[in-house]
*Asks:* 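My questions will all concern the structure given below.
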Amino acid sequence: MRASFVLVPLTLCAAAAASQPVAAPVQSIAMYSYGYNPDPIVLTAGKAVTLHFVNRSGGGHDFTAKKFFRSARIISGNVANGEVDLSGGRSASVTLVPAKGRYKVHCGRPFHKMLGMTGDIVVR
């Protein structure tokens, strides 16, 4: 009987701890004129991650990866039309669960892609 008084509270505590959500790791992505860092962006398939985008330039940039965002399960954050658009000096976060694959990313602003603002996302 005494053992059940000890085991029941321990079991309840373990169940409560297991049900607590675990914060997704953060992957910072810098946007600058005219590139992304890191490149490539390497993620783990099926594991939640928060992508924290920081525009380090004074002008606007975006992170356009339509196939990547379409294949991922977005948990939170604003991804309009497969892109994250930031004016100069701004930041934003998107939490998602990526799908395995290799994806292209580029800036959709005029001439930015041509000037080298492209990259890869590798999800293993």
*Asks:* Given side chains that start at C-beta, do those of Y34 and S57 come closer than 4.5 Å, heavy atoms only?
*Replies:* no

*Asks:* Whether the S33 and H61 side chains hold a donor-acceptor pair (N or O, under 3.5 Å, no angle test) is what I'd like checked.
*Replies:* yes

*Asks:* Output, in order, the C-alpha distance, side-chain angles, deciding distance and verdict of salt bridge (charged side-chain N to carboxylate O under 4.0 Å, His left out) for D85 and R109.
*Replies:* CA-CA 10 Å; D85 191 9; R109 303 280 172 118; 2.5 Å; yes

*Asks:* Does any non-hydrogen side-chain atom of Y103 lie less than 4.5 Å from one of S71?
*Replies:* yes

*Asks:* Going hydrophobic residue to hydrophobic residue with side-chain gaps under 4.5 angstrom, can you get from V54 over to M117?
*Replies:* no

*Asks:* Is there side-chain contact between V94 and T50, with heavy atoms separated by less than 4.5 Å?
*Replies:* no

*Asks:* For D62 and L86, run side chain to side chain contact (heavy atoms under 4.5 Å, CB included): C-alpha distance rounded to whole Å, both residues' side-chain angles, the deciding distance at 0.1 Å, then the answer.
*Replies:* CA-CA 6 Å; D62 63 57; L86 295 175; over 6 Å; no

*Asks:* Any chance you could lay out the side chain to side chain contact (heavy atoms under 4.5 Å, CB included) test for V123 and V42, step after step, and finish with the verdict?
*Replies:* CA-CA 6 Å; V123 184; V42 180; over 6 Å; no

*Asks:* For A48 and P25, which heavy atoms make the closest approach, and how far apart are they?
*Replies:* O-CD, 3.3 Å

*Asks:* Taking all heavy atoms of P98 and all of A72, pick out the closest pair and write down the distance.
*Replies:* CA-CB, 4.1 Å

*Asks:* Tell me every residue that passes side chain to side chain contact (heavy atoms under 4.5 Å, CB included) with P38, counting only those two or more places apart in sequence or in another chain.
*Replies:* Q27, I41

*Asks:* Return the minimal non-hydrogen interatomic distance between F63 and M31, and the atom names on each side.
*Replies:* N-CE, 3.5 Å

*Asks:* Start with the C-alpha distance between L51 and L96, add both sets of side-chain angles, then the distance that settles side chain to side chain contact (heavy atoms under 4.5 Å, CB included), and finish with yes or no.
*Replies:* CA-CA 8 Å; L51 302 178; L96 53 78; 4.0 Å; yes

*Asks:* Do V105 and L115 share a hydrophobic cluster (ILVMFWY, side-chain heavy atoms under 4.5 Å, transitive)?
*Replies:* yes

*Asks:* Do H106 and T118 get their side chains close enough for a donor-acceptor pair, meaning under 3.5 Å?
*Replies:* no

*Asks:* Walk me through it: do N55 and Y32 pass the test side chain to side chain contact (heavy atoms under 4.5 Å, CB included)?
*Replies:* CA-CA 6 Å; N55 185 347; Y32 58 91; over 6 Å; no

*Asks:* Going hydrophobic residue to hydrophobic residue with side-chain gaps under 4.5 angstrom, can you get from I74 over to F53?
*Replies:* yes

*Asks:* Is there side-chain contact between S93 and H52, with heavy atoms separated by less than 4.5 Å?
*Replies:* yes

*Asks:* Just so I know, are the side chains of D39 and D120 near enough to count as touching, which here means a heavy-atom distance under 4.5 Å?
*Replies:* yes

*Asks:* Roughly how far, to the nearest 0.5 Å, is the CZ atom of R56 from the CZ atom of R90?
*Replies:* 15.0 Å

